Amino acid sequence: MRVYLPCTLPALAKAVAAGEIGPAPLIGYAVTPSLTEWYASGDTEELEYVALTEAARASLRMLAADRADGVDAASRRVVIAAEVTDGAAIAGADLEERARVRLADSVPLAKVAAVHVDDLYAVPDIEAAIAALPASDEGDDDARFTVDGAEAHELMWYATQEIPDLLH
């Protein structure tokens with residue numbers, strides 16, 4: 001099963017150093033039965049794109065949390081695509097997002113299939129979205145528009161052997 005794990009560049013660097021994505025438990029996004037039921041007309045590729053988009057939203061929140069904690073990270077969303085066994089990703093009825101899953105174990109880097117990262121030209125819009133998140137969460141329509149604008153940027157695909165280049 002393909003799982004999309006939200007991340008940041010500093011967290012990706014830590015995962016590379018540790019040889020795994022963790023610590024567990026992890027929150028990821030995947031094609032779940034709930035997502036399939038909700039998006040009845042989509043094929044697997046479309047459903048995986050929805051899961052990737054949900055992970056990118058979570059990555060934006062991770063960037064905002066890093067800023068709040070004083071971590072100076074590049075304003076680029078990062079999503080790690082990994083292959084896990086079907087039983088490793090548990091979808092729960094209590095989870096808000098239809099694609100959201102929990103992983104009880106960390107994911108070895110050997111299971112990473114690719115990494116998706118914002119291109120540098122997206123940085124100004126990602127910065128604006130990070131700044132607008134609190135107001136968006138309070139219901140401000142203009143702020144929500146700014147946050148949604150981050151999704152206008154497609155994440156770039158990187159093969160696993162390109163990960164070191166992303167970290168420099």
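Note that this is a predicted model, so its numbers are computed, not measured. Just so you know, residue 1 is the first one in the sequence shown, and it goes up from there.
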Give the cluster check for [X] versus [Y]: same hydrophobic cluster or not, with ILVMFWY residues linked at side-chain heavy-atom distances below 4.5 Å.
X      : Y      : value
Val117 : Leu167 : yes
Met62  : Ile27  : no
Ile163 : Val78  : yes

Practice problem: Return yes if some donor-acceptor pair links the side-chain N/O of Arg77 with the main-chain N/O of Ala150 below 3.5 Å, else return no. | Solution: yes

Practice problem: Please check if the side chain of Ser59 supplies one atom and the backbone of Cys7 the other of a donor-acceptor pair under 3.5 Å. | Solution: yes

Quiz item: Taking only residues at least two apart or on different chains, which pairs with a member in residues 120-145 satisfy ring-ring contact (aromatic ring centres under 6.0 Å, His included)?
Solution: Tyr121-His153

Practice problem: For Asp119, enumerate each residue passing the salt bridge (charged side-chain N to carboxylate O under 4.0 Å, His left out) test, keeping only those at least two apart in sequence or located in another chain. | Solution: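 Result, salt bridge (charged side-chain N to carboxylate O under 4.0 Å, His left out) vs Asp119: none returned.
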
Self-check item: With Asp86 via salt bridge (charged side-chain N to carboxylate O under 4.0 Å, His left out) - residues at least two apart
Solution: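 So Asp86 forms no salt bridge (charged side-chain N to carboxylate O under 4.0 Å, His left out) with any residue.
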
Contact summary for [X] and [Y], nearest pair of heavy atoms:
X      : Y      : result
Thr160 : Ala114 : CG2-N, 4.1 Å
Arg100 : Thr32  : O-CG2, 4.3 Å
Gly22  : Ser106 : CA-CB, 3.9 Å
Pro6   : Gly28  : CD-CA, 4.4 Å
Ala56  : Leu155 : CB-CD1, 3.9 Å
Ala143 : Ala135 : CB-CB, 3.6 Å

Quiz item: Does the side chain of Val79 come within less than 4.5 Å of Val115's, by heavy atoms?
Solution: no

Self-check item: Single hit among Tyr49, Tyr4, Tyr29 for side chain to side chain contact (heavy atoms under 4.5 Å, CB included) with Glu54
Solution: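 Exactly one candidate clears the test, Tyr29.
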
Quiz item: Given Val84, which of Leu5, Leu26, Val3 fulfils the side chain to side chain contact (heavy atoms under 4.5 Å, CB included) condition?
Solution: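 The residue from Leu5, Leu26, Val3 that satisfies side chain to side chain contact (heavy atoms under 4.5 Å, CB included) with Val84 turns out to be Val3.
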
Any pair counted as salt bridge (Lys or Arg N to Asp or Glu O under 4.0 Å), so long as it reaches [range], sequence neighbours left out:
range            : value
residues 17-33   : none
residues 3-12    : none
residues 125-134 : Arg67-Glu127
residues 145-168 : Arg57-Glu151

Exercise. Supply the atom-to-atom distance Ile21 CD1 to Ile80 CD1, rounded to the nearest 0.5 angstrom.
Key: 4.0 Å

Quiz prompt | His116 NE2 to Met156 CE distance, which is reported to the nearest 0.5 Å | solution = 11.5 Å

Practice problem: Could I get the full list of side-chain contact (heavy atoms from CB on, under 4.5 Å) partners for Val31, not counting sequence neighbours? | Solution: Thr36, Leu47, Glu48

Self-check item: Any residue meeting side-chain contact (heavy atoms from CB on, under 4.5 Å) with Ala74, in chain and number order, not counting sequence neighbours
Solution: Leu9, Arg76

Quiz item: Going by side-chain heavy atoms closer than 4.5 Å, which hydrophobic residues are tied to Leu60, directly or by a chain of links?
Solution: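 Leu63, Ile126, Ile130, Leu133, Val147, listed by chain and number.
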
Quiz prompt | side-chain hydrogen bond (donor to acceptor under 3.5 Å, both in side chains) partners of residues 138-147, not counting sequence neighbours, each pair once | solution =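 Applying side-chain hydrogen bond (donor to acceptor under 3.5 Å, both in side chains) to every pair that reaches into residues 138-147, excluding sequence neighbours, yields Asp141-Arg144.
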
Quiz item: Could you give all pairs that pass the side-chain hydrogen bond (donor to acceptor under 3.5 Å, both in side chains) test and reach residues 6-17, with sequence neighbours left out?
Solution: none

Exercise. Determine, stepwise, if the pair Glu83 / Met1 fulfils side-chain contact (heavy atoms from CB on, under 4.5 Å).
Key: CA-CA 5 Å; Glu83 295 293 331; Met1 162 183 258; 5.6 Å; no

